[in-house]
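Structure record follows, encoded as structure tokens.
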Amino acid sequence: VNGDLVVYDVEAAKAAWEKGLAEIGETSVELELMVDGDEVTKIMTEYIANQLETNLEGLTVDIKRIPKKQRLDHDTNMQYEMQISRWGPDFLDPFTYMNLWTTDSGNNKMGYTNPEYDKLVVETATTYATDNVKRYENFLEAEKILFEDAAIAPIFQSSIAQLVSPKVAGIHYNPFGPTYEYKWADVAE
């Protein structure tokens, strides 16, 4: 939401890992990471699992590659320990993402719940629906809660690079939804 670059502190992650292990009285943990079976996800997942295992002593990540349809079924039924999934926004507003993790959201496929997070997000569509400053303040506070709770860990954002002839003008590039609009497009001679 706020556009800040997130820099992960490996030493802080190691300290949090050690603290967590001590709290549960274990020296190692094995976790299953459920992902789609496509090739791009395979490469990315292997890298992520390697980095987690390399930097967090005692962690074993078992990658479970399954067809997307099966992963979606497991997702819906919350039959996973960790998973890599993706979401494409429906409209140009942070609400399209932030509403995903409210307690009663039909898209909350992980059972996340935090009453303060819910309150802040709901207010963006009700109490502060017409006050953009307060609305975005709520989004920022809700985002902080989501990350403090470690509910999600965004790992990539897709993008496209392309060449367009300088003769072509008026193509509208959308950051969300349909990629292009050609309604105003024109080709010069």
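Reckoned from all heavy atoms, side chains included, excluding hydrogens, waters and symmetry mates.
Between D93 and F95, the shortest heavy-atom distance links the atoms OD2-N, 2.9 Å. Of all the heavy atoms in M34 and Y80, the pair that sits closest is CE-CB, 3.7 Å. Here the closest heavy-atom approach between residue G37 and residue R65 is recorded as CA-CB, 4.3 Å. A13 and L56 get closest at one heavy-atom pair: O-CD2, 3.8 Å. Across P94 and Y136, no two heavy atoms sit closer than the pair CD-OH, 3.4 Å. In terms of heavy atoms, L21 sits closest to E57 at CD1-O, 4.0 Å.
Using a 3.5 Å distance cut-off with no hydrogens or angles, the side chains of E181 and H172 do not pair a donor with an acceptor. Judged purely by distance below 3.5 Å, without hydrogens or angles, the side chains of D36 and T41 never pair a donor atom with an acceptor atom.
At a threshold of 4.5 Å between side-chain heavy atoms, the hydrophobic network of Ile, Leu, Val, Met, Phe, Trp and Tyr places F147 and F139 in one connected group. Cluster membership for Y180 and V168, using ILVMFWY side-chain heavy atoms within less than 4.5 angstrom, is shared. In terms of hydrophobic clustering, with Ile, Leu, Val, Met, Phe, Trp and Tyr side chains grouped at heavy-atom distances under 4.5 Å, Y182 and V164 are assigned to a common cluster. In the hydrophobic cluster analysis, where Ile, Leu, Val, Met, Phe, Trp and Tyr join through side-chain heavy atoms closer than 4.5 angstrom, I155 is grouped together with L33. No continuous path of ILVMFWY side-chain contacts below 4.5 Å connects V122 to Y97, so the two sit in separate hydrophobic clusters.
The backbone N or O of W101 lies less than 3.5 Å from no partner atom in the side chain of S105, so there is not a single donor-acceptor pair. No donor-acceptor pair under 3.5 Å is formed between the side chain of S28 and the backbone N or O of L59. Put simply, the side chain of N77 gets close to the backbone of D73: a donor and an acceptor are under 3.5 Å apart. Side-chain atoms of E53 come within 3.5 Å of backbone atoms of V61 as a donor-acceptor pair (strictly under, hydrogens ignored). A donor-acceptor pair under 3.5 Å is absent between the side-chain atoms of E30 and the main chain of T60, judged by distance alone. In this structure, the side chain of N50 does not engage the main chain of E46 through any donor-acceptor pair within 3.5 Å.
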T102 vs N99, side-chain hydrogen bond (donor to acceptor under 3.5 Å, both in side chains): CA-CA, chis, key distance, verdict | CA-CA 5 Å; T102 56; N99 186 54; 3.3 Å; yes

For side-chain hydrogen bond (donor to acceptor under 3.5 Å, both in side chains), just list the numbers for N138 and Y128, CA-CA rounded to whole Å, side-chain angles, deciding distance to a tenth of an Å, and then say yes or no.
-> CA-CA 9 Å; N138 271 36; Y128 303 118; 5.5 Å; no

Between E18 and K14, does a salt bridge (Lys or Arg N to Asp or Glu O under 4.0 Å) hold up when you go through it step by step?
-> CA-CA 6 Å; E18 292 298 325; K14 288 178 181 180; over 6 Å; no

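A distance of 10.0 Å separates CG in L52 from OH in Y47, rounded to the nearest 0.5 Å. Annotation: the span from D149 atom CG to E116 atom CD amounts to 11.0 Å, rounded to 0.5 Å. Rounding to the nearest 0.5 Å gives a distance of 9.0 Å between CD1 of I152 and OH of Y112. Atom NZ in K119 sits 9.5 Å away from atom OG1 in T126 (nearest 0.5 Å). Residue M82 holds its CE atom at 9.0 Å from CG of D62, rounded to the nearest 0.5 Å. Rounding to the nearest 0.5 angstrom, the gap separating the OH atom in Y117 from the CD atom in E143 is 9.0 Å.
Within the 4.5 Å cutoff, side-chain heavy atoms of M44 are placed close to those of I84. Contact of the W87 side chain with the T96 side chain is registered, since non-hydrogen atoms from C-beta on lie closer than 4.5 Å. In this structure the side chain of L120 reaches within 4.5 angstrom of the side chain of I145, judged on heavy atoms. Residues Q83 and D75 are in side-chain contact: their nearest non-hydrogen atoms beyond the backbone lie under 4.5 Å apart. Looking only at side-chain heavy atoms (C-beta outward), N114 and D118 stay at 4.5 Å or farther from each other. The side-chain heavy atoms of E39 and K42, taken from C-beta on, include a pair separated by under 4.5 Å. Within the 4.5 Å cutoff, no side-chain heavy atoms of K68 are placed close to those of D38.
Heavy-atom neighbours of D104 CG from other residues, nucleotides or ligands within 6.0 Å: at or below the threshold of 12.
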